[in-house]
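Side chains are part of it too, since the values below use all heavy atoms of this structure and drop only hydrogens, waters and symmetry mates. None of the values given here were measured: they were computed from a predicted structure.
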Amino acid sequence: QVQLVESGGGLVQAGGSLRLSCAASGRTFRYYNMGWFRQAPGKEREIVAAVSASAVNTYYADSVKGRFTISRDNAKNTVYLQMNSLKPEDTAVYYCALGGGNMRSPREYEYWGQGTQVTVSS
C-alpha cells in the first residue's frame, strides 16, 4: 500500500553535511508519523529522528541532537533529514519509516524504505 524510497546518501568527510530525502506513495502520508532510523554493521537499528503527522512534535536521538534536523512536506509526500557536522560514527544505512502511535518506538512503524548508505570518512 505504501512505498518509501530514500535518496541523498553518499560519502562525505567528517564535519560535512548531507540531506536525505524519503518519498512516499499513498494518500494518507500526512496522517502518519515519519521516522529516520539507521543501522551500522554489527549494531541494532536505532531511531535517529522522528516527526509527527502535524510536524508539531519531533524527536531526536541524543547522539544527533543539535546536528540533525527532520522535516516534512506533506504536499510532496516527502520527509527530509538534514545532517550537519557529520561524524564517522554516523556511518550507517539510513532508513525512513511510516507509522502511527508512539513515534519513538520502532515497533509503531509499519512501512520501511530500502535504505540509503551514508559514509563519513575520517
Pairs under 3.5 angstrom only: tabulate donor-acceptor contacts from the side chains of residues 87-95 to other protein residues two or more places apart or in another chain.
from	atom 1	to	atom 2	distance (Å)
D90	OD1	R38	NH1	2.9
D90	OD1	R67	NH2	3.0
D90	OD2	R67	NH1	2.8
D90	OD2	R67	NH2	3.4
D90	OD2	K87	N	2.8
T91	OG1	P88	O	2.9
T91	OG1	V120	N	2.9
T91	OG1	V120	O	3.4
Y94	OH	R38	NH1	2.9
Y94	OH	D90	O	2.6

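Remark: V2 engages L4, L98, Y111 in a side-chain contact (heavy atoms from CB on, under 4.5 Å) (not counting sequence neighbours). In this structure, the side-chain contact (heavy atoms from CB on, under 4.5 Å) partners of S25, at least two apart in sequence or on a different chain, are Q3. Contacts of D73 classified as side-chain hydrogen bond (donor to acceptor under 3.5 Å, both in side chains), with partners at least two apart in sequence or in another chain: none. Applying the side-chain contact (heavy atoms from CB on, under 4.5 Å) rule to L18 yields the partners V12, M83, L86, V118; only residues at least two apart in sequence or on another chain are considered.
Under the disulfide bond (SG atoms under 2.5 Å apart) criterion, no residue pair touches residues 25-66, with sequence neighbours excluded. Among residues at least two apart or in separate chains, ring pair (Phe, Tyr, Trp, His ring centres under 6.0 Å) pairs with a member in residues 6-54 are F37-Y109, F37-W112. The stretch residues 100-122 participates, sequence neighbours left out, in no salt bridge (charged side-chain N to carboxylate O under 4.0 Å, His left out) pair at all. Residues in residues 50-122 take part in these disulfide bond (SG atoms under 2.5 Å apart) pairs, two or more places apart or across chains: C22-C96. Applying the disulfide bond (SG atoms under 2.5 Å apart) rule to pairs touching residues 26-69 yields nothing, sequence neighbours excluded. Identified under the side chain to side chain donor-acceptor pair (under 3.5 Å) test for residues 4-23, with sequence neighbours left out: S17-N84.
Among all heavy-atom pairs drawn from V64 and V48, the shortest one is CG2-O, 3.5 Å. Contact record, K43 with Q39: O-NE2, 3.1 Å, taken as the closest heavy-atom pair. Closest of all the heavy-atom pairs between A23 and T78 is CA-OG1, 4.2 Å.
Rounding to the nearest 0.5 Å places CG of N74 at 11.0 Å from OG1 of T28. With rounding to the nearest 0.5 angstrom, the OG1 atom of T58 is 14.5 Å from the CZ atom of F68.
The hydrophobic cluster analysis finds Y80 isolated: no Ile, Leu, Val, Met, Phe, Trp or Tyr side chain comes under 4.5 Å of it, directly or through other members.
The main-chain N or O of G101 is found under 3.5 Å from a side-chain atom of N33 such that the two form a donor-acceptor pair.
In the hydrophobic cluster analysis, where Ile, Leu, Val, Met, Phe, Trp and Tyr join through side-chain heavy atoms closer than 4.5 angstrom, I47 is grouped together with M103.
The number of heavy atoms from other shown groups lying within 6.0 Å of CZ (R30) does not exceed 12.
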